Peer 1: 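Have a look at this one.
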Amino acid sequence: MNPPVTTIVPATSENINRAADIIRGGGLVAFPTETVYGLGANALDPFAVAKIFAAKGRPTSNPLIVHLAAAEDLSRVAAIEPNSTVAVWVEQLQSLWPGPLSLVLPRHDAIPDQTTAGHTSVAVRVPAHPVARALIGAAGVPIAAPSANVSTYISPTTARHVLEGLGDKLDLILDGGPCSVGLESTVLSLVHACPTVLRHGGIPIEQLREILGNVDELSSDGSATVAPLSPGLLRQHYSPRTRLVFSGEIDPTRYPSRTALVTFTPYFSPPTNATVTVRTLSDRGDIVEAAQQLFGTLRELDAGGFDLIVVEPCPRVGLGRAIMDRLTRAAAQGR
Ligand code: TXA
Ligand code: MG
């Protein structure tokens, strides 16, 4: 017999309350955020959190982000000394919350080891999506949520993506439409001497530097000059099953017969003998729209029976850094 398949329900206030009951009861709910869909459980309940790792097939060494309905709740999950440097940084960053920024902060005792994978720090974010905030508010507890995909696959930007990957492993999927950012949050550590970007995402590092001044980042191969390394930065991540390469890495005359080409702006088709399907992420050449379209396009092409996905690189500026980070990891698959 096939396992039961979860249904997708629209994010009405009635369904949000039903989802909040499930969270309080120790269950799993997928919900929309502005970045990607999250797989949520009560962050204070070690048994509920354990279900997240099991559903995703996620290594238990990889800590989760704790989501709050409002920044005022921060003291429930993080232990920040008043007037400390960390307190000042958090204050300076308040203009970016709610939004796609996760802060790694000293952890509050209320957060169990399972949620932080035993780290003394905790990643926290206030999402901007109204459904996410309504759900967390109605549940009355912080919600731990990784992206709602099977570990190492492409993050979901629609409710249907969640259903395809995890449909039989959770209790409810709230549908709030496609995600507006389409890339995960930027993870910024505030537990180092200098604020350090552990994962590029929806808030560009340039914007953080405008606010904080000095901001470090991990080197692009994922190795760290600072400890601890963000455990989620596995080299192979966000990977389609189909082989993916950057356009500079392969001569178009050597494209296999079924090749998909992903471009960021309207593009010429290269001279090749293969049948090339072209997907342009933004007809206007707009990087924000390209980011929104990226994961859905990769999923669609991955299901399309292609032998190869070729991606045109984009400049590593603004959101382009996060996009190139995800694509570099996707291209590392099978190497
Ligand atoms: O946009 C997002 O951040 C989405 C939505 C659902 O909010 N969530 C998400 O979660 O992308 P996840 O689990 O897929 O990625 C969380 C990242 C991982 O790279 C993890 O290692 C890092 O955050 N992280 C979490 N807690 C950390 C900690 N205490 N120290 C260092 N890195 C941490
Ligand atoms: Mg993820």
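Whatever order the structure lists them in is the order used to number ligands and atoms, beginning at 1. All values reported here derive from a predicted model rather than from experimental measurement.
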Peer 1: Distance to the ring centre below 6.0 angstrom and angle to the axis at most 45 degrees; does that hold for Arg241 and Tyr153?
Peer 2: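 Output yes; distance and angle both within limits.
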Peer 1: Ignoring hydrogens and geometry, is there a side-chain-to-backbone donor-acceptor pair from Asn15 to Pro10 under 3.5 Å?
Peer 2: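 Side chain of Asn15 to backbone of Pro10: a pair is present.
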Peer 1: Under 3.5 Å between some N or O of ligand 1 and some N or O of His67?
Peer 2: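 Min N/O separation from ligand 1 is below 3.5 Å for His67.
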Peer 1: Just distances here: any N/O of Asn62 and N/O of ligand 1 closer than 3.5 Å?
Peer 2: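 Min N/O separation from ligand 1 is below 3.5 Å for Asn62.
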Peer 1: Would you please determine whether Pro127 falls within less than 4.0 Å of ligand 1 on a heavy-atom basis?
Peer 2: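 The answer is no: ligand 1 sits nowhere under 4.0 Å from a heavy atom of Pro127.
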Peer 1: Any donor-acceptor pair under 3.5 Å linking the side-chain atoms of Glu184 with those of Ser155?
Peer 2: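 Yes, a side-chain donor-acceptor pair sits under 3.5 Å.
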Peer 1: Should Glu184 be counted as touching ligand 1, given the test is an N or O pair under 3.5 Å?
Peer 2: no
Peer 1: Strictly under 4.0 Å, does any heavy atom of Ser121 approach an atom of ligand 1?
Peer 2: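 Right, Ser121 reaches ligand 1.
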Peer 1: State whether the shortest distance between N or O atoms of Ser185 and N or O atoms of ligand 1 falls below 3.5 angstrom.
Peer 2: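 There is such a contact, yes.
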Peer 1: Are side-chain heavy atoms of Thr116 and Leu64 found at a separation under 4.5 Å?
Peer 2: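 Side chain of Thr116 against side chain of Leu64, heavy atoms only: no contact under 4.5 Å found.
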Peer 1: Look at ligand 1 and say whether Thr116 reaches it with a heavy atom at a distance under 4.0 Å.
Peer 2: no
Peer 1: Does an N or O anywhere in His119 fall below 3.5 Å from an N or O of ligand 1?
Peer 2: no
Peer 1: Would you give the length of the straight line joining atom NE2 of His161 to atom CD of Glu300, rounded to the nearest 0.5 angstrom?
Peer 2: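 Answer for the NE2-CD pair, His161 versus Glu300, is 9.0 Å.
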Peer 1: According to side chain to side chain contact (heavy atoms under 4.5 Å, CB included), who are the partners of Gln92, at least two apart in sequence or on a separate chain?
Peer 2: Val88, Trp89, Ile211, Leu212
Peer 1: Give a yes/no on ligand 1: does Arg107 have at least one heavy atom closer than 4.0 angstrom to it?
Peer 2: no
